[in-house]
A.B. asks: 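What follows is a structure written as C-alpha cells; I'll ask about it next.
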Amino acid sequence: MKDEPGEVWVAGQLAATLLTIDPARLGGMHLRARVGPARTAFLDALPPDLAAAPRIAPGIADETLYGGTDIAASLAAGRKITADGVLARGGALTLTSAERTGPGLAARLALALDAGAVGPLLILDEGTEDERAPERLIERAAFACDLDGLRPETMAEIALSSAERDAARARLCDVTLPDDALTTLVSTAAALGIDSLRAPLFATAAARAHAALSGRNSVTSDDLEIAVSLVFAHRATRLPSEEPDEETSDPPPDPETTDDGDSDPAEGDTIPQEMLIEAVRAMLPAGLLAQRRARKANAPSGAGQGARRRGAQRGRPLPARPGTPSATARIDVVATLRAAAPWQGLRRAADPDRPGLIIRKSDLRLRRFQDRSERLVIFCVDASGSAAMARLAEAKGAVELMLAEAYSRRDRVALVTFRGEGAEVSLPPTRSLVQAKRRLAGLPGGGGTPLAAGLRAVHALAERARRAGQSPALALLTDGRANVALPGGSGRAQAMADAEAMAGHLRACGLDGVVIDTGARPRPELETLAGRMDLGYLALPRADAAAMKRGVDAALGV
Amino acid sequence: MTRPFPFSALVGQQEMKTAMLLTAVDPGIGGVLVFGDRGTGKSTAVRALAALLPPITVVAGSLTNAESPERLAEWERQGGDLREVPTPVVDLPLGATEDRVLGALDIERALTRGEKAFEPGLLARANRGYLYIDEVNLLEDHLVDLLLDVAQSGENVIEREGLSVRHDARFVLVGSGNPEEGELRPQLLDRFGLSVEVGSPTDMEERIEVIRRRVAYETDPEGFVAAWAPRDLAIREAILAARARLTATEMPDAALRDCAQLCVTLGSDGLRGELTLMRAARAKAAYDGASAVARDHIRAIAPMALGHRLRRDPLDEAGSSARVARAVEDVLA
C-alpha cells in the first residue's frame with residue numbers, strides 16, 4: 001500500500017493539472033492539509049488558473065456570493081449601485097477553512113457547481129480528526145489529496161508549460177472513450193463499494209483529460225489506471241479481495257453482479273479490472289478503509305453543525321441597533337428613518353440637489369431578535385461491569401424517547417459510553433431518529449469504569465457544541481465506582497482523582513444537567529462529584545427509560 | 001446555461017418519475033418529496049421535468065406569472081400582452097432569508113424616493129410552477145412554517161414593515177433530501193402529496209447505462225437532447241392528454257371505499273391521505289388512458305401517497321413502505 005510521500009504529491013499535482021484541462025466535468029479537488037510549508041508548496045506548484053482563483057471563506061455573505069446592493073456606495077451616491085458576486089464571475093474558486101462551511105453555503109456552492117456556473121472548486125480543508133468539509137462539496141469534487149505528514153523537501157515538480165495545457169484542452173473534445181472502458185469503470189466503482197454514480201462519471205472525465213494530456217485521441221488502459229487511482233482511491237469503501245463486511249444491512253452491488261459484468265462478452269479483454277483495482281490499492285494507506293467504513297456508518301458530518309440560531313432572524317424582537325445589513329441582518333426601516341430624520345435639514349443644506357431623504361450608512365439600524373439556542377443533550381453512560389447491559393438499554397430508550405420529541409424541543413442528542421480502557425462517542429450529535437437507532441443497535445458493554453475518560457469525551461463534545469452555537473447539557477449515568485485512570489495513571493485512587501479533575505474542567509464549561517446514580521446503593525462520592533460539576537444529583541437505582549427521561553427533563557427544566 | 005438532461009433519458013427511478021409526472025398532470029396533488037442518497041439524480045429529474053412541461057401563458061412583465069390581466073396582483077404594473085413562457089422552476093436555497101422567499105419592502109425605493117413599494121420574492125416567481133427545495137430537511141424552521149402557510153392557502157400575504165400586499169402563490173413543492181441528515185417535521189411531511197425514496201441503482205447494466213447516457217450528454221449536449229426530443233415530446237403529449245382527460249376520469253364508489261379503507265387500516269392522521277390518494281390515483285388513471293380509476297391504479301399509488309403519513313413509531317423497526325405494502329395486500333386482496 002501507499003507509503004511514498006512523493007507519490008501523494010505527484011498524484012495531487014497531476015489531479016490539479018487534469019482539473020485545469022477539463023474544469024467543467026471534474027468539479028474540483030478536496031485538499032486536506034493543515035496550514036504549513038507542505039500546503040504552501042503545494043498551492044504554489046498549482047497551475048496558474050487554479051492558483052489565482054478567488055478565495056472565499058465560509059463566512060461569506062450572500063451579497064458577496066451572488067452580488068447585490070453595495071450599501072455604502074448606494075447611500076453615498078443616492079441611487080442603487082450593485083456589485084458583482086463571486087458566483088456571477090464564474091471560473092475557479094478556492095474555499096478556505098472548508099471544514100467550517102455551514103450547510104447553507106455548501107448547498108449554494110453545490111447548486112452553482114451543478115449548474116456549471118463556477119468550477120473548478122478547490123476545497124482547502126484544515127480540519128483535524130473528524131472535522132471535515134461538507135460531504136456535499138467533497139462528493140462534487142473529482143479528486144482528493146491529503147498532505148498530512150508531507151514535508152516540502154520530498155516534492156518533485158511537474159513541469160508543464162501553459163502551451164501544453166492549452167494543447168491538451170484543445171484535444172479534449174476529440175478524445176473518444178471506448179464503451180468497454182466505460183463499462184470497466186462502472187464495474188470497478190461497484191467492486192470498490194462506491195455507491196454514488198458521480199464517481200464513475202468523474203473517472204471517465206479524468207481518463208479523457210489524461211489521454212488529452214498525453215496526446216492521445218482515445219482512452220487507453222494507462223489513462224484508466226490513472227483515472228481510477230485519482231478518483232476512486234479516496235472513495236473506496238472496500239477492496240474486492242476483502243470479505244464483504246457483515247454489518248452493512250443493505251450491501252451495495254454484490255460481488256456476483258460485478259463478476260457477471262466482468263465476464264460479459266461485450267467487454268474488451270484489454271483492460272482487466274484487477275489491474276485497476278491494483279492501481280487503487282496502491283493509492284490506499286493501510287487502515288484507511290476501516291476508517292472510512294466507520295465514517296460511512298456515522299454518515300452525516302455536515303449535520304452536526306446544524307442550524308445555528310442567529311440573532312437576526314426570528315424570536316422575540318429586541319431594540320434595533322446600528323450596523324451593516326447582510327444576508328442575516330435585516331434593516332429596521334422605521335428605526336433607520338427615525339435615526340436619519342433629525343439630520344435632514346443639515347444634509348439638505350449641504351446637498352440641495354439630491355431627491356428624497358438623505359440617508360448615511362451610520363443611520364442604518366438592524367433588526368435583532370432573541371432566540372433560545374439549540375440544545376445538545378449529551379448522555380454519558382457507564383457501560384462497565386455486570387449492570388451495563390440493563391443500564392445501556394435504558395439509556396438507549398431514553399435517547400430514543402428524547403429524539404422522538406426533538407422537533408418540538410429543537411434538541412440534539414449525543415451518546416458517550418465509557419468502559420474498559422476508554423470512552424467513545426457512540427452517537428455523534430444528531431436529531432435523526434433513523435441514524436440514532438442504527439448506531440445504538442448493539443453497543444457493547446463490560447469491563448472497568450474509566451469515568452475520567454468519559455468525562456473528557458463529554459468535555460470535547462461540549463466545547464464543540466458551544467462553538468457551533470448550541471448549548472450543551474449533560475446527563476451522566478453511572479454507579480460512580482471509577483477504577484480506571486486516564487492513560488498514564490493507574491490505581492483506584494488515581495482514577496477517582498482524575499475523574500474529579502475532569503469534573504472541574506466540565507464545571508468551567510457551565511453545563512446544565514444531572515448525574516443519575518444507577519448503583520443499587522447511592523454513593524456519597526458521586527454526589528460530591530455532581531457538586532463539583534455544579535450538576536444536579538439523582539439516585540435512580542432501578543430506572544427504566546421513561547423514568548430516566550423524566551429525571552433528565554426535570555433536571556433540565558423542560 | 002446548458003440545456004437540461006432530457007427527462008425520458010433518465011434511467012430507472014421509476015417511482016420518482018411517476019410521482020413527478022402525476023404532479024404535472026394534476027398540480028393539486030400537492031408536491032413530491034424525494035428522499036435518497038447523494039448522486040441519485042434527484043435534482044436532475046426536477047430540472048428535466050421542468051424542461052419537459054408545456055409552456056404557460058402569462059401576462060408579459062408580470063412578476064407573479066399571472067395568466068390573465070384580471071389575476072395580476074394589485075401592486076403590479078397593469079396591462080401587458082399575453083405570451084408563453086416555460087413553466088417556472090424556482091430553487092429555494094438553504095439559508096435564504098425571509099425577504100427573499102416572501103418578498104419585502106423595496107428598500108432602495110423606500111430610502112431614495114420615499115415610496116412604499118413591494119419587491120416580490122421567490123414565491124411570486126414560483127407561482128404556477130415548481131418550487132424546488134434541495135435538502136428540505138435542513139431548511140430552517142421558520143421558513144418551513146412560512147412555506148406551509150402559503151402552500152396551503154395558495155396565496156402569499158405580506159403584512160410587515162407597513163406593507164400590506166398579497167399575491168397568488170400556487171406552486172408544486174418538490175423537496176429532496178437525505179433522511180440521515182435530519183428528519184423533516186411531520187407537519188411539513190404531511191403537506192407533501194407524494195413521497196418517494198430513491199437509491200443508487202444496484203443493477204450493473206443499469207449503472208453502466210446511466211454513465212453511458214451521461215457521458216454522451218456531456219460530450220454533446222445539443223445532439224443528445226435532440227436525439228431524445230421525440231421521446232420527451234411523447235411524454236409531454238401524454239401529460240397534456242391526461243390533463244384533458246382528468247376531469248372526465250371517473251372515480252367509482254368502490255375505489256373511494258378502497259381509499260378510505262386503506263387509510264383507516266394504516267391509521268393515517270386526518271383526511272389528507274384519502275384526498276391525495278384519490279387525486280393521485282385519478283391522475284394515474286388519466287395518464288394511463290383509463291376511463292375510470294381501478295384497483296391497479298390505487299395499488300400503484302398507495303406507497304407514495306401514504307408512506308410518509310403514518311404515525312411514526314420510534315420503536316417500530318420495519319419501514320413505513322413495508323407497512324403500506326402489507327395494508328395494500330390486506331385491503332385490496
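A, B, ... follow the sequence lines: proteins, then strands. Residue 1 opens every chain.
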A.B. asks: If you round to the nearest 0.5 Å, how far is SG of A/Cys173 from CG of B/Asp220?
C.D. replies: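 SG of A/Cys173 is found 11.0 Å from CG of B/Asp220.
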A.B. asks: If you round to the nearest 0.5 Å, how far is CD1 of B/Ile208 from OG1 of A/Thr184?
C.D. replies: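 Rounded to the nearest 0.5 Å, the OG1-CD1 separation comes to 8.0 Å.
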A.B. asks: Checking B/Arg212 against A/Val186 for the side chain to side chain contact (heavy atoms under 4.5 Å, CB included) test, could you report, in this order, the C-alpha distance in whole Å, the side-chain angles of both residues, the deciding distance, and whether it holds?
C.D. replies: CA-CA 10 Å; B/Arg212 193 176 283 143; A/Val186 178; over 6 Å; no
A.B. asks: Tell me, please, which residues at least two apart from B/Glu206 pass salt bridge (Lys or Arg N to Asp or Glu O under 4.0 Å).
C.D. replies: none
A.B. asks: Using heavy-atom distances under 4.5 Å, tell me whether B/Asp91 contacts chain A through its side chain, its backbone, both, or neither.
C.D. replies: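 Just its side chain gets close to chain A.
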A.B. asks: Got B/Arg214 and A/Leu197 here, is their nearest side-chain heavy-atom distance under 4.5 Å?
C.D. replies: no
A.B. asks: Does any part of the side chain of B/Glu218, heavy atoms only, come nearer than 4.5 Å to the side chain of A/Leu201, both counted from C-beta?
C.D. replies: yes
A.B. asks: Can you tell me which of A/Asp179, A/Leu185, A/Thr204 forms the most heavy-atom pairs within a distance under 4.5 Å of chain B?
C.D. replies: A/Asp179
A.B. asks: With sequence neighbours excluded, what pairs up with B/Arg100 under the salt bridge (Lys or Arg N to Asp or Glu O under 4.0 Å) test?
C.D. replies: none
A.B. asks: Under 4.5 Å heavy-atom distance to chain A, tell me which part of B/Val215 shows up: side chain, backbone, both or neither.
C.D. replies: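 Contact with chain A involves both backbone and side-chain atoms of B/Val215.
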A.B. asks: Would you compute the distance between atom CG of B/Asp134 and atom CZ of A/Arg136 and round it to the nearest 0.5 angstrom?
C.D. replies: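 Rounded to the nearest 0.5 Å, the CG-CZ separation comes out at 6.5 Å.
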A.B. asks: Looking only at heavy atoms, which two atoms of A/Ser196 and B/Arg207 are closest? And how far apart?
C.D. replies: O-NH2, 4.0 Å
